[in-house]
Amino acid sequence: MPEGPEIRRAADSLEAAIQGEPLTDVWFAFPQLKSFESQLIGKRITRLETRGKALLTHFSNQLTLYSHNQLYGVWRIVDAGDTPQTTRVLRVRLQTANKAILLYSASDIEMLTPEQLAVHPFLLRVGPDVLDMSLTVEQVKARLLSPKFRHRQFGGLLLDQAFLAGLGNYLRVEILWQAELTPQHKASQLSEGRLDVLAHAMLDIPRLSYQTRGKVDDNKHHGALFRFRVFHRDGERCERCGGVIEKTIVSSRPFYWCPECQK
């Protein structure tokens with residue numbers, strides 16, 4: 001499943017394709033959304049906002065399309081008028097004079113007024129987004145030490161979107177390796193220094209993944225690039241201590257770690 005960085009990069013691509021251009025064609029598969037088709041013709045997409053793995057498409061008439069891809073949803077960008085050959089089921093088509101963005105297979109789709117947006121159950125429940133650049137290390141540490149989360153094991157906590165939105169399995173694995181912690185650790189057990197390392201990793205790793213994953217640094221002048229240190233590297237040597245990376249299951253998801261340095 002895509003995690004926060006992948007959702008945000010997809011939103012960037014969708015914005016680049018049609019943001020600011022008047023919509024010439026709008027189509028929704030679900031009957032409860034049909035009445036909005038005519039309301040959106042001639043309107044513009046003002047921005048695409050991510051809240052963890054949810055996408056909020058804001059229109060110039062103050063409506064917002066809420067969509068959550070869950071396991072199978074995917075957005076595609078095509079030329080205006082194109083209909084790709086696919087076995088996926090089309091749910092949303094938003095088209096301008098030149099481009100169209102298509103949402104396939106997703107089932108969690110709603111149109112919201114500003115008032116509905118403010119009280120949407122998922123958006124009220126979800127925690128701060130790790131890709132929100134206003135979120136600070138101190139705020140993450142305060143969240144870790146809050147009564148709601150301080151006694152939760154990290155193996156489950158880092159998958160809980162109510163804690164921090166946008167984290168997922170590969171980020172959980174890489175964050176805990178960076179902080180030299182196991183999934184069984186809890187914030188209540190950590191020293192101030194270790195909490196600081198963990199909180200930095202919770203922001204630095206997702207943001208580096210968003211900014212650089214998939215890029216190739218040919219001349220080594222662009223700074224660090226995101227790469228997996230332990231995820232999907234079971235049987236290989238840990239680059240930090242030389243131990244052998246192992247794979248197990250934590251909170252029903254594959255987990256990779258180094259038993260030598262994640263004590």
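Residue numbers count from 1 along this sequence. The analysis underlying the following values was restricted to heavy atoms, covering all of them including side chains, and did not include hydrogens, waters or symmetry mates.
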Is the shortest heavy-atom distance from the side chain of [X] to the side chain of [Y] under 4.5 Å?
X	Y	result
L171	L158	no
I7	R51	no
D160	R152	yes
L56	L123	yes
C238	V230	no
R150	L145	yes
L167	R172	no
L164	M202	yes

Work out which heavy atom in [X] is nearest to a heavy atom in [Y]; give both atom names and the distance.
X	Y	value
A118	L124	O-CD2, 3.5 Å
L195	K141	O-CG, 4.1 Å
F28	M111	CZ-CE, 3.6 Å
I77	L14	CG1-CD2, 3.7 Å

Please report, to 0.1 Å, the donor-acceptor pairs under 3.5 Å made by any side chain of residues 102-110, with sequence neighbours excluded.
residue: S105; atom: OG; partner: R88; partner atom: NH1; Å: 3.3
residue: E110; atom: OE2; partner: H120; partner atom: NE2; Å: 2.8

Pairs satisfying ring pair (Phe, Tyr, Trp, His ring centres under 6.0 Å), at least one member in residues 123-156, at least two apart:
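Pairs touching residues 123-156 that pass the test: F149-F163.
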Is a donor on one side and an acceptor on the other found under 3.5 Å between the side chain of [X] and the backbone of [Y]?
X	Y	value
E49	L55	no
S60	R44	yes
R233	R229	yes
Q189	H185	no
Q19	A16	no

Can you classify the ring geometry of Y256 versus F231 as parallel (below 30°), tilted (30 to 60°) or perpendicular (above 60°)?
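Aromatic pair Y256/F231 classed perpendicular.
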Exercise: do [X] and [Y] side chains pair donor with acceptor under 3.5 Å:
X	Y	value
T46	H58	no
S134	D132	yes
Y170	S209	yes

Does a side-chain N-to-carboxylate-O contact under 4.0 Å join [X] and [Y]?
X	Y	value
R237	E239	no
E21	K99	no
R8	E15	yes

Common cluster, F228/L176, ILVMFWY with side-chain heavy-atom separation under 4.5 Å:
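Per the 4.5 Å side-chain linkage, F228 and L176 are co-clustered.
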Face-on cation placement of R240 at W177 ring, 6.0 Å and 45° thresholds:
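Here R240 passes the 6.0 Å and 45° test against W177.
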Could you check whether F36 and F59 have their ring centres less than 6.0 Å apart?
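Centroid distance F59-F36: not below 6.0 Å, so no.
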